[in-house]
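All remarks here apply to the structure that follows.
In the text below, chain A, chain B and the rest are named by the order of the sequence lines, each starting its count at 1. Given the structure is predicted, the values throughout are model-derived calculations rather than measurements.
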There are 2 protein chains.
Amino acid sequence: MIISKTLDYAVRTLIYLGKQPSRRSILMKEIAENQKIPLSYLAKVMRQLVKAGIIFSEFGPNGGYSLKKMPSEITLKQVYEAVEGELKMIECFDTPGSSCVFTSCCGQADIWHEVEAKLIKILENITLQDVIERDCIYPEKVLTINKQNTLINKQERKNANT
Amino acid sequence: MIISKTLDYAVRTLIYLGKQPSRRSILMKEIAENQKIPLSYLAKVMRQLVKAGIIFSEFGPNGGYSLKKMPSEITLKQVYEAVEGELKMIECFDTPGSSCVFTSCCGQADIWHEVEAKLIKILENITLQDVIERDCIYPEKVLTINKQNTLINKQERKNANT
DNA sequence: TAATTTTGGACTTTATATATCCACGATGTA
DNA sequence: TACATCGTGGATATATAAAGTCCAAAATTA
Ligand code: SF4
Ligand code: SF4
């Protein structure tokens, strides 16, 4: 019942991205160095975050990562499930592979399900924005993007440069 | 963030003990067979429950285990901590050995601490009584003991037999 | 004393989390 | 096109923790 190192890495990465004053892409290498995360392991975590639709990745020179949503739209539940898979307190229910002989008659499973539901609700109500605001080094310029801009990125930078 | 097998064993054991109509001692072997738990592993779990003051153990013939408190006085938090140790979401705080470079400046730790506090509160508000009542085979006679009797056990049985 | 049952700890096995590696695919620049 | 940059994907290794086993010692009863 403890936050894994992997999840810690993921949250720190998102904090780092969320704190960027502009939406430029950040190199994985920069994150790894700044956050003291093994680069080759971070690569894996990043992939999971991309796959979950939380961050945005770009190849090649000037490539890197950026948030795909506003910090206030990213919940801890999303981040948790991006790296750990679906949040389940106990495996016996909703799990095809499991085969506990007591499944059909167990008060415990019910109870854990209720706890699970409450925990999920808690995590759904905490956003990356909340986490960043709690950070002691709170940047003056926090990333705030219009929903319309969510998918613009390199293009934006290109236009800005001309 | 999943209930370990060990905790599942512990709760099932307590349900089994709590369902006993009288306060007689139950053999570890009986629990292991009834609950399909490896005997030699269960032995370890029982020790932890004894150590935590949740159950009562007696040596020798007619020995075995029984609840030390009423089901309504045993919370899931107690059971959790009996087998898993103190419930902590994240290690960086309150842990002397830990040495995260960000400890002094991390919004994440704060947040997890809040989640931890909420989760603990939830687990403190669920008792073994609640779990047993949720069980589909709810015994007519549920174990209910006066607080005064908490420590009487074998003596009780002896008197009853004469 | 002998039988019974828990206790304590050392030990092994198995599973999971964490970390590493390298060849490949996508992109930008010249 | 050629080349440098940077993320992707999967295979593999290592470390750590969970789960399970075993046996001799201690406590109790008869
Ligand atoms: S005993 Fe109950 S809670 Fe435990 S695995 Fe079986 S069904 Fe689930
Ligand atoms: S980064 Fe923050 S939450 Fe993570 S271990 Fe360090 S202090 Fe704790």
Protein-nucleotide distance ([X], atom [atom1]; [N], atom [atom2]), rounded to Å:
{"X": "B:K51", "N": "C:dG8", "atom1": "NZ", "atom2": "P", "value": "8 Å"}
{"X": "A:E30", "N": "D:dC6", "atom1": "CD", "atom2": "P", "value": "11 Å"}
{"X": "A:I3", "N": "C:dA17", "atom1": "CD1", "atom2": "C1'", "value": "14 Å"}
{"X": "B:D8", "N": "D:dG20", "atom1": "CG", "atom2": "P", "value": "11 Å"}
{"X": "A:F59", "N": "C:dT29", "atom1": "CZ", "atom2": "P", "value": "16 Å"}
{"X": "B:E58", "N": "C:dT7", "atom1": "CD", "atom2": "C1'", "value": "15 Å"}
{"X": "B:L27", "N": "C:dA3", "atom1": "CG", "atom2": "P", "value": "18 Å"}
{"X": "A:M28", "N": "C:dT20", "atom1": "CE", "atom2": "C1'", "value": "13 Å"}

Going by distance alone, is a donor N or O of one side chain under 3.5 Å from an acceptor N or O of the other, for [X] and [Y]?
{"X": "B:E30", "Y": "B:Y16", "answer": "yes"}
{"X": "B:S4", "Y": "B:E84", "answer": "yes"}
{"X": "A:W112", "Y": "A:E116", "answer": "no"}

Near DNA chain D, under 4.0 Å by heavy atom, which residues of residues 35-50 of chain B?
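Residues of residues 35-50 of chain B under 4.0 Å from DNA chain D: B:P38, B:S40, B:Y41, B:K44.
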Determine the sole option in B:L42, B:N34, B:V45 for which the side chain to side chain contact (heavy atoms under 4.5 Å, CB included) test with B:T13 is passed.
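The option that passes is B:L42.
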Would you call A:R12-A:D8 a salt bridge at under 4.0 Å N-O?
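Looking at A:D8 together with A:R12, the answer is yes, because their closest N to O distance falls below 4.0 Å.
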CD on B:Q78 to CD on B:E124, rounded to 0.5 Å:
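The distance works out to 8.5 Å.
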Would you please confirm or rule out a distance under 4.0 Å between OP1 or OP2 of [N] and any side-chain N or O of [X]?
{"X": "B:S57", "N": "C:dT7", "answer": "yes"}
{"X": "B:K5", "N": "D:dG20", "answer": "yes"}
{"X": "A:Y9", "N": "C:dA17", "answer": "no"}

For a quick test of reading the model, state the closest non-hydrogen atom pair linking B:I90 to A:I2 and the distance between them.
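B:I90 and A:I2 have their closest heavy atoms at N-CG1, 4.5 Å.
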